[in-house]
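We name chains A, B, ... by the order of the sequence lines, and we start the count at 1 in each one.
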Protein chains: 2
Amino acid sequence: MKRSKRRSQHVTVRDVARAARVHFSTVSRVMNPHTRSQITESVAKRVLKAAERLGYRTNALAAGLRTRRSRVIGVIIPYIDSPLYPPILLAIEEILSENGYVAIISNTQNDPAREERVLAEMMARQIDGLIIGTATRHDPVVKGWAQRGAPLVMINRTDQTGAAPSIIVDDLVGLGLIVDHLVELGHKAIGHIAGPQQLSTGAARSEGFRKAMARHGLQADAITIAEDFTREAGRRACHALLNQFPDITAIAAANDLLALGCYEALQERGLSCPKDVSMTGYNDSVFVDLLRPPLTTVRIPQREIGIQAARLLLEKIEERRALARDVVLRPQLIIRQSTATPRASVLLSNSSQRF
Amino acid sequence: MKRSKRRSQHVTVRDVARAARVHFSTVSRVMNPHTRSQITESVAKRVLKAAERLGYRTNALAAGLRTRRSRVIGVIIPYIDSPLYPPILLAIEEILSENGYVAIISNTQNDPAREERVLAEMMARQIDGLIIGTATRHDPVVKGWAQRGAPLVMINRTDQTGAAPSIIVDDLVGLGLIVDHLVELGHKAIGHIAGPQQLSTGAARSEGFRKAMARHGLQADAITIAEDFTREAGRRACHALLNQFPDITAIAAANDLLALGCYEALQERGLSCPKDVSMTGYNDSVFVDLLRPPLTTVRIPQREIGIQAARLLLEKIEERRALARDVVLRPQLIIRQSTATPRASVLLSNSSQRF
DNA sequence: ATGAAAGCGCTAACAC
DNA sequence: GTGTTAGCGCTTTCAT
């Protein structure tokens, strides 16, 4: 008769137990799929009915405190308002939800201080695992987590230490597809707007560019590094590139946002794409098919990245295996109208023929 | 000497207390900003130093179980991969993070079953409040939460009951801006691709269209309702609209995605925008300035929506006031190149004058 | 100003 | 198969 007065909003196992005339641990066993088989069918039914009637919902905080498993996972990404991430997040959330997990999603804006803060909040909430899209090439966060044996999966970017599995796209192949396509169109003087080199994506795509150019016996020195994967950085880098290398007939940008910036820069210089300069992007972001002109780019399996990352993380959490399997997904060339044969003037001077 | 053997990974208040030679409740008081003032400065310093040294981090699950406050809030939106939401989510997360809260973000794809499931997961985790962008005009979720007195804020869409505060944009004004602009350009036969009418946004924008047309003494019967706020639905609706009303010279779409679909439909019909038909969108989604042609649209303060929603929710949570203040934000017309004077042929027949 | 004690709601040995 | 018991780590009266 002690706690019956406090019929507050929360229905607990004890309330259900009283209603079903069983011990509260029996209720717990019924509610937990893992221990459900221990209970007689008739008793289980009675408990379930009472729970239903009282509107019982298990308190994940209490359960988590006891089991040391919160069924919450953390997701840290640099920019949620970049077109790259939403489809990935969507897929992650779908897989997690199917498995009774939820995601705490945080942005860092590539700011290490913010990253540290959100990570602290996540750890305080006893997250069971972490998916991060912010790994730098030698990432202290990655190292820290991996050393503590905490389940961690990197997406999109990877660090160099191999301390945790990652889901990435084969950017070497991706830039190869781009360069092959441009060369096939007849381009020889091809420039590259590179992404930040401390990010694996930026570095890998630059390397892919260089290797592919070398494969074709072409010079790969027309490279400008954009300080960030943004439209504005792309615009500035494009101007710099064209100032230094006015003769290039095609520009391979390290991602779509950079390519958008290049579109602006070209327009500002009175250059037409693809007549004067062919452009390519990377990621096949939503809407780039509607740009002027529609952007030739490389499609990466965003959804698949999310699915694989979530699956891999859940495997690590539930099985506690230290599998360091990396997943490398293949990109696909999407040809649109921002690429064409090199401009006539250059064709003339470079190959001394017309038509 | 009982529990000293289990030097497991987690450092607790007891560990810190032992190291600082105080009672563990003192540690708790030091760590909690609210009770910190009760402790002598020197003792506090000693505790803090010990905590630092041992790497103590408070366990939010345990604290939440005790205080019945999880410092987690739920965010439910229909589509994370719609360009509307990421900036809102970014702002929400920023405000929450500043206040020591984190967000569990879930997508529903407008599927009520999914909504129910994610909501159950959130409730199990004892979320302190909820921000939802999925409210239908008579929403059971909204009603349920409001009745239980749980802090809830609606964004973007609102229900009709006024059961909870909402942060919305003044869509009547927004469509008014659009219609005024088109009329000023000389359009009279203006069509409208409406959004789903069970959503407050769809309904409000249609009403805004009708009222504005009436204000100008124009017929507002060229309306087709798209079954969803998607590009494909926009494409189909645009075809239907033009089949039924071939003479319209301008189309006001209820959002940008619908306008994109219209772009496709116009292209399929061999019509040029804005020469044959002027187009307008709504939301000023990222990239619509780079479309062919750049889209005239209405900019809504996405970031502000997120900020206001998070602030309002935190107010409700911390002060437990039942303020039902609605926030209505003002939209802004963004004129680009998808709108122009009506096509010559129509000008001729409609107003019997040229130039 | 600090210590003592109780308990948030749950799970998981351990009994019987 | 079900009841008993003991915490998970924390906050918060109540003493002192």
Side-chain angles (χ1 to χ4, degrees), chain A residues 2-18 20-47 51 54-71 123-126 128, chain B residues 2-18 20-47 50-51 54-71 100 123-126 128:
Chain A
K2 261 178 180 167
R3 51 188 313 293
S4 64
K5 247 338 132 30
R6 290 189 58 269
R7 174 164 290 296
S8 62
Q9 42 241 42
H10 286 278
V11 181
T12 76
V13 278
R14 298 183 139 86
D15 299 319
V16 177
R18 207 178 312 120
R21 321 206 122 270
V22 293
H23 192 266
F24 69 82
S25 63
T26 303
V27 175
S28 171
R29 290 188 183 101
V30 171
M31 303 316 282
N32 191 308
H34 209 67
T35 48
R36 170 70 176 277
S37 54
Q38 301 174 9
I39 270 66
T40 320
E41 192 52 33
S42 66
V43 176
K45 224 161 225 160
R46 209 165 76 230
V47 169
L54 298 178
Y56 171 80
R57 317 208 114 279
T58 162
N59 181 330
L61 259 48
L65 178 59
R66 182 60 231 243
T67 59
R68 306 177 157 289
R69 306 281 280 347
S70 62
R71 298 204 142 241
M123 286 174 59
R125 282 163 184 85
Q126 314 298 112
D128 292 338
Chain B
K2 262 178 179 170
R3 51 186 312 293
S4 62
K5 252 328 140 32
R6 290 187 60 270
R7 174 166 289 299
S8 61
Q9 44 241 43
H10 285 278
V11 181
T12 75
V13 276
R14 298 182 139 86
D15 299 320
V16 177
R18 208 178 313 121
R21 324 205 119 269
V22 293
H23 193 263
F24 67 81
S25 62
T26 303
V27 176
S28 170
R29 289 188 181 99
V30 172
M31 302 318 281
N32 192 308
H34 208 69
T35 48
R36 169 70 176 277
S37 55
Q38 301 175 8
I39 271 63
T40 318
E41 192 52 32
S42 65
V43 176
K45 226 163 226 159
R46 209 167 75 231
V47 169
L54 298 179
Y56 171 79
R57 318 208 114 277
T58 163
N59 181 330
L61 258 47
L65 177 61
R66 181 62 228 244
T67 60
R68 306 178 155 288
R69 306 279 278 352
S70 62
R71 298 203 145 239
M123 287 174 58
R125 283 164 184 83
Q126 314 299 110
D128 292 338

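- Between the side chain of A:Thr26 and the backbone N or O of A:Val22 there is no donor-acceptor pair closer than 3.5 Å.
- At a threshold of 4.5 Å between non-hydrogen side-chain atoms, the residues A:Thr12 and A:Asn59 do not count as touching.
- When distances run from any side-chain atom of B:Ser25 to the nucleotides D:dC10, C:dG3, C:dG9, the shortest one goes to C:dG3.
- Each of D:dT11, D:dT2, C:dG3 was ranked by its minimum atom distance to the side chain of B:Val22; first place goes to C:dG3.
- The side chain of B:Arg14 lies closest to D:dC10 when the candidates are D:dC10, D:dC8, C:dA1.
- Residue contacts for A:Thr35: at a heavy-atom cut-off of 4.0 Å it reaches no nucleic acid atom on any strand shown.
- Side-chain atoms of A:Ala62 lie closest to C:dG9 of the nucleotides D:dT11, C:dG9, C:dA12.
- Of the candidate nucleotides D:dC10, D:dG1, C:dT2, C:dT2 has the atom lying nearest to any side-chain atom of B:Thr26.
- Across the protein-nucleic acid pair, A:Arg68 atom CZ and C:dC10 atom C1' stand 14 Å apart, rounded to whole Å.
- Summarising the geometry, the separation between CG on B:Asn59 and P on C:dC8 is reported as 18 Å, rounded to the nearest angstrom.
- Inter-residue side-chain proximity for A:Ser28 and A:Thr35 is flagged as unmet; no heavy-atom pair is nearer than 4.5 Å.
- Of the residues near DNA chain C, B:Leu65 and A:Thr67, the one whose nearest nucleotide (by heavy atom distance) lies more toward the 5' end is B:Leu65.
- In this structure, the CD atom of B:Gln38 is 10 Å from the P atom of D:dT13, given to the nearest Å.
- Rounded to whole angstrom, the span from the CE atom of A:Met123 across to the P atom of D:dG9 amounts to 15 Å.
- Spacing between atom CD1 of B:Ile39 and atom C1' of C:dG3 amounts to 11 Å, rounded to whole angstrom units.
- Each of A:Phe24 and A:Ser37 lies near DNA chain D, and the nucleotide nearest A:Ser37 is the one positioned closer to the 5' end.
- The closest side-chain heavy-atom distance from A:Arg71 to B:Arg125 is below 4.5 Å.
- Spacing between atom NZ of A:Lys45 and atom C1' of D:dT2 amounts to 19 Å, rounded to whole angstrom units.
- Relative to the side chain of B:Ser28, the nucleotides C:dA1, C:dC10, D:dT11 differ in distance, and D:dT11 lies closest.
- When distances are taken from the side chain of A:Arg29 to each of C:dC14, C:dC8, C:dG3, the shortest belongs to C:dC14.
- Of all non-hydrogen atoms in A:Leu65 and B:Ala62, the two that sit nearest each other are CD1-CB, 3.6 Å.
- Look at CZ on A:Arg71: it is 21 Å from P on C:dG9, rounded to the nearest Å.
- Distance from the side chain of B:Ala63 is smallest to D:dC10 among D:dC10, C:dG9, C:dC10.
- Taking only side-chain atoms of B:His23, from C-beta outward, the nucleotide of C:dG7, C:dC10, C:dG3 with the closest atom is C:dG3.
- Rounded to the nearest 0.5 Å, atoms CZ (A:Phe24) and CZ (A:Arg18) are 11.5 Å apart.
- Atom-to-atom, CZ of B:Arg18 to P of D:dG9 comes out at 12 Å; the value is rounded to the nearest Å.
- When the nucleotides D:dG9, D:dC8, C:dA13 are ranked by their closest atom to the side chain of A:Arg66, D:dC8 comes out on top.
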